[in-house]
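What follows is a short report on a single structure.
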There are 2 protein chains.
Amino acid sequence: MENNKENKLDSDKNLLKLLSSQYITEDEFEQLYDSSVIIQFKKGEVLLKQGLKTTHLVFITKGMVKFNYQDNSGKNLILTIAKAPSILGGANIFYDNINIFSITAIEDCEGYLIDVEKLKNIVINNSNFTLKLLELVSGMFKTSVFNFISLAHKQVTGRIAEILLYLSRSIYESDKFTLNLSRQEFAEFVGCSKENVINTLRKFHNEGIIEVTGKHIIINDPEKLNKISKVG
Amino acid sequence: MENNKENKLDSDKNLLKLLSSQYITEDEFEQLYDSSVIIQFKKGEVLLKQGLKTTHLVFITKGMVKFNYQDNSGKNLILTIAKAPSILGGANIFYDNINIFSITAIEDCEGYLIDVEKLKNIVINNSNFTLKLLELVSGMFKTSVFNFISLAHKQVTGRIAEILLYLSRSIYESDKFTLNLSRQEFAEFVGCSKENVINTLRKFHNEGIIEVTGKHIIINDPEKLNKISKVG
DNA sequence: TTTTTTAGATGAGTTCTATCATCATAATAA
DNA sequence: TTATTATGATGATAGAACTCATCTAAAAAA
């Protein structure tokens, strides 16, 4: 039993690193760990649903997710893309526990469910960990503000250039990658129509800035993309 | 001396309520209070400047401010409007202390500067207060996400309807108010051109939904505004 | 396999929005 | 006071982005 747990810890250094290490004690980690449940999500499955109460966080160790929002009229918007390892759902535990957006797997994921109540107990008794969470939420706030600014100020060409760079640098970590977003989803991320995405990608392709073959994308000229994203 | 402090406490119940009450001890409050400086800002003055490091927070007890961002090309964007009493600058103390946007007085303000280092000391030793801050930042995150969603999904007419309702309900707390934003600033809040704001306000006026006389605005039909803001 | 459905691609037409030019009025400075 | 500047208002034009229709290719289902 103890041995088994050791193995799980070893094989999942990311969880250990993010949730324990300098922030919580061995004991506190055990508390969290005992209450967490390993779970798998298939592509398309919803990890946390918009409008529902949060009873748990998800710490994903494998896979990729989108933060998506659906409005009254059924239109979708992708706020951001995140990949493992990452703690999901942290923003609304301490404010009110209703998810303001959904988190959906865009490829198969694996992770742990973490009980919010257990987490709260740890937080109350551990200021350092609380500070770490505060940092996490502040970071999310900052990202969302920048996202907001970008959306407000840039036109579609600039947004697409920016998002291509974001995907390349922060998500796929390569200048060659295979999108796991459809053109429709890409458009929901940019905040424009599907056709606009397709046309703009084609334009970049024709100008030699990128190479597009279906979902496979190669960034040829990141500098030029950067320039386009700055100009707007 | 002690008496003088009592008076200041009494006359400024908001500060007391927000910063102390159930969250920090009398001692901790004294620490903060001793280090805080009463300060006044004239309309147009910058309380916290985008790009600069935060050495203090501002707790405003009187007046109104805008959160504004200026991009490379000099274009402005107003993220939100806040009025006293409010703690400003809380989002970036614990992440990294560079202000991502400016906070500028849109009418004369009065408040306290709060030393960030002193605040940090309190936070580390008081989980409840930290939780309160976490709640504050989470709330800001949530607001900014909703703002983002609104910007991405609604067109100008819907945004303006929404902002009129926001100003009426949350800021001026009346259906009659005198804007302390110019049309240009209003446009920077909406995320559109000045002319678009003017035309849309005129349209609402002609349809009898609102009454506009320069900066004086009367909301005649909040229900209709709400409908317009929902439809987009 | 064939059929059906979904995703990607493209162009035309329309709507929305920004920009520009101009003018009137209000606020501020000389 | 007058002159100057900033703000508000309006219409015309150009550009950006969306919607719609259509088509092809790929994926999924029968």
Chi angles and distances behind the side chain to side chain donor-acceptor pair (under 3.5 Å) call for A:Asp71, B:His153: CA-CA 8 Å; A:Asp71 72 7; B:His153 272 202; 2.8 Å; yes

Yes or no on salt bridge (charged side-chain N to carboxylate O under 4.0 Å, His left out) for B:Lys83 and B:Glu173, after CA distance, side-chain angles and deciding distance? CA-CA 11 Å; B:Lys83 62 163 188 175; B:Glu173 297 180 35; 2.2 Å; yes

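For the pair B:Thr54 (side chain) and B:Ile98 (backbone), a donor-acceptor distance under 3.5 Å is absent. The main-chain N or O of A:Ser174 is found under 3.5 Å from a side-chain atom of A:Ser168 such that the two form a donor-acceptor pair. For the pair B:Thr200 (side chain) and B:Asn196 (backbone), a donor-acceptor distance under 3.5 Å is present.
For the pair B:Phe186 CZ and D:dA9 C1', the computed distance is 16 Å after rounding to whole Å. In this entry the distance linking NE2 of B:His216 with P of D:dG8 reads 16 Å, nearest Å. Taking atom NZ of B:Lys43 as the reference point, atom P of C:dA27 lies 11 Å away to the nearest angstrom. One can place NZ of A:Lys215 at 14 Å from C1' of C:dA9, the figure rounded to the nearest angstrom. The nearest whole Å value for the distance from the CD atom in B:Gln184 to the C1' atom in D:dT5 is 16 Å. Across the protein-nucleic acid pair, A:Lys194 atom NZ and D:dA17 atom C1' stand 15 Å apart, rounded to whole Å. To the nearest angstrom, C1' of C:dT19 lies 13 Å from CD of A:Gln155. One can place NZ of A:Lys154 at 21 Å from P of C:dT17, the figure rounded to the nearest angstrom.
Candidate nucleotides C:dT17, C:dA21, D:dA17 were compared by shortest atom distance to the side chain of B:Glu195, and C:dA21 ranks first. In this structure, the nucleotide among D:dG8, C:dC16, D:dA17 sitting nearest to the side chain of B:Ser182 is D:dG8. When distances run from any side-chain atom of B:Val156 to the nucleotides D:dA16, D:dG8, C:dT17, the shortest one goes to C:dT17.
Here B:Asp108 pairs with B:Lys42, B:Lys43 under the side-chain contact (heavy atoms from CB on, under 4.5 Å) rule; sequence neighbours left out. The side-chain contact (heavy atoms from CB on, under 4.5 Å) check on B:Ala105 picks up B:Phe41, B:Leu47, B:Cys109, with sequence neighbours excluded. Every residue meeting the side-chain contact (heavy atoms from CB on, under 4.5 Å) condition with B:Ser170, not counting sequence neighbours, appears here in chain and number order: B:Tyr166.
The C1' atoms of five pairs define one axis at each end of the helix from C:dT1-D:dA30 to C:dA30-D:dT1, and these two axes lie 40° apart (to 10°).
Residue contacts for B:Ser193: at a heavy-atom cut-off of 4.0 Å it reaches a base atom on one of the strands shown. Using a 4.0 Å heavy-atom distance criterion, B:Lys75 is classed as making no nucleic acid contact.
The salt bridge (Lys or Arg N to Asp or Glu O under 4.0 Å) analysis of residues 205-214 of chain A, with sequence neighbours excluded, yields no pairs.
Near DNA chain C, meaning a heavy atom under 4.0 Å from it, residues 197-205 of chain B has no residue at all.
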